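To start, the structure under review is shown below, and the notes come after it.
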Amino acid sequence: MDQTGKPFRWGILGPGGIARKFATGLTVLPDHKLVAVGSRSQANADRFGDEFGVARRYAGYEQLAADPEIDAIYVATPHSFHKEHTLLCLAHGKPVLCEKPFALNAAQGEEMAAAARAAGLFLMEAMWTHFLPLLVTTCQLLAEGAIGAPRMLQADFGFRAAFNPSGRLFDPALGGGALLDVGVYPVALAHMLWGEPNRIAALATVGASGVDEETAILLGYTGGELALLSTTVTTNTPHEATLLGTDGWLRLMPPWWAGQELLLQRNGQPSERIVRPYLGNGYGHEAIAVADAVCAGLGESDVMPLSASLAILRTLDAVRAQIGVRYPSE
């Protein structure tokens, strides 16, 4: 809710699958309201509008960005359009929550961040996992020294998808591949723990369409910490994340990226089960954070600042350089 007591008003740019999850997350927040949607076609905008009770439906993105009755816009188009659509919204004076990955590469991300800072507008990557109560609790436990010094992270995120060379997951023109679609989650988790790595090693299986279908990543940090990460679109993975420390370990139970439970094992003590439920489907927590920041006049999130998004993109760029994946627009 803004300072006038009115609900925080959202617009959605790109009514695809992830946008439906975000819109569903808003339905449990009484102080938030989805008021407009923009799509490439009127039919898609109307379909989405009917599903979520959205009154204003635009066939095109320019009208959505120019709508004066929107407090912030959620950009949910394919990866390769994030920069273009974020810049469009910023040019019309709109704060933006941009779906992950923040951009195709760090150069694009830098351009987006510079535009937001120059305009004095809020911009954040939609790393919704970071705002879940379980991840907040995890950070608190680590700060308290619950497992001593964190030394190693093991995390995966993968699923099996049918091969479709023209589909979003496998099309290089749309930034396809496992790394940018779901690999960004474990990379972001590692960044949350230790910041930007100073050593990167990666291997991948690059498929017939030219994108990574399976990728294994090893990240090293200045303190000697290591992250062992894997991502794939060819097989279902356990969706676990385990953090090993000098005095114990903790496991974010599957699916860790949408987690509500962790197991804490302190050396020499019985294990502890900690449950932290989220609101609705979980997506509302990032929406609350965006509204709070925008209403406070902030340009960035303290949980997911632009510096973090840019560092993650640099890591993804370095991984892609090693595995030989390059997108047509680069």
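All values derive from a computational prediction rather than experimental measurement. Residue numbers count from 1 along this sequence.
- When all heavy atoms of Ser41 and Ala59 are compared, the closest pair comes out as C-CB, 4.1 Å.
- Counting only distance, with no hydrogens or angles, the side chain of His82 and the backbone of Pro101 share a donor-acceptor pair below 3.5 Å.
- Judged purely by atom type and a 3.5 angstrom limit, Thr231 uses its side chain to pair as donor or acceptor with the backbone of Phe157.
- Checked by atom type and distance alone, the side chain of Gln322 pairs as donor or acceptor with a backbone atom of Ile200 at under 3.5 Å.
- In this structure, Arg314 contributes its side chain and Ala106 its backbone to no donor-acceptor pair below 3.5 Å.
- Between Leu134 and Ile274 the shortest heavy-atom distance is CD1-O, 4.2 Å.
- No continuous path of hydrophobic side-chain contacts links Leu226 to Tyr221 [ILVMFWY only; heavy atoms under 4.5 Å].
- Between the OG atom in Ser80 and the CG atom in Leu174 there is a gap of 4.5 Å [rounded to 0.5 Å].
- The nearest pair of heavy atoms linking Ala227 to Trp194 is CB-CZ3, 4.2 Å.
- At a threshold of 4.0 Å, the pair Arg168-Asp181 counts as salt-bridged, since one of the basic side-chain nitrogens sits closer than that to a carboxylate oxygen.
- Put simply, the side chain of Lys94 never gets that close to the backbone of Ile73: no donor and acceptor are under 3.5 Å apart.
- Pairing each heavy atom of Phe122 with each of Ala293, the nearest pair is CE1-CB, 3.4 Å.
- Using modelled atom types, one side-chain atom of Asp156 and one backbone atom of His239 make a donor-acceptor pair closer than 3.5 Å.
- Leu88 and Phe81 sit in two unconnected hydrophobic clusters of ILVMFWY residues. Membership requires side-chain heavy atoms under 4.5 Å apart, directly or through other members.
- Atom OG of Ser301 is separated from atom CG of Leu97 by 10.0 Å, given to the nearest 0.5 angstrom.
- For the 3.5 Å distance criterion, the side chains of Asn105 and Tyr327 fail to qualify, holding no donor opposite an acceptor.
- How far CG of Asn236 is from CZ of Phe159: 9.0 Å, rounded to the nearest 0.5 Å.
- With a 6.0 Å radius and a threshold of 12 heavy atoms from other residues, nucleotides or ligands, Arg40 has its CZ atom at or below the threshold.
- In the model, Trp128 has a side-chain atom that pairs as donor or acceptor with a side-chain atom of Tyr185 under 3.5 Å.
- When atom types are taken as modelled, the side chain of Arg57 and the backbone of Gly38 share no donor-acceptor pair closer than 3.5 angstrom.
- With rounding to the nearest 0.5 angstrom, the NE2 atom of His191 is 10.5 Å from the CG atom of Leu313.
- Checked options Gln265, Gln154, Arg251; the residue passing with Thr242 is Arg251 (criterion: side chain to side chain donor-acceptor pair (under 3.5 Å)).
- If you check the side chains of Thr315 and Asp317, you find no donor sitting under 3.5 Å from an acceptor.
- Without hydrogens or angle criteria, Ser230 side chain to Ala216 main chain gives no donor-acceptor distance under 3.5 Å.
- Remark: Thr232 OG1 to Leu179 CG distance equals 11.5 Å, nearest 0.5 Å.
- The distance from the CG atom of Leu169 to the CZ atom of Phe163 is 11.0 Å, given to the nearest 0.5 Å.
- With hydrogens and angles ignored, the 3.5 Å screen pairs no side-chain donor or acceptor of Asp247 with any backbone N or O of Ile147.
- The aromatic rings of Phe8 and His32 sit tilted relative to each other, their planes meeting at an angle between 30° and 60°.
- Residues meeting the side-chain hydrogen bond (donor to acceptor under 3.5 Å, both in side chains) test with Tyr74, sequence neighbours left out: Glu99.
- The two residues Asn281 and Lys21 have their closest heavy-atom pair at ND2-O, 2.8 Å.
- A donor-acceptor pair under 3.5 Å is absent between the side-chain atoms of Gln140 and the main chain of Thr138, judged by distance alone.
- For Ala178 against Glu213, the heavy-atom pair with the smallest separation is CB-O, 4.0 Å.
- A continuous path of Ile, Leu, Val, Met, Phe, Trp and Tyr side chains, each step under 4.5 Å between heavy atoms, connects Leu279 with Leu132, placing both in one hydrophobic cluster.
- Linking Ile, Leu, Val, Met, Phe, Trp and Tyr residues whenever their side-chain heavy atoms come within less than 4.5 Å leaves Val319 and Leu218 in two separate clusters.
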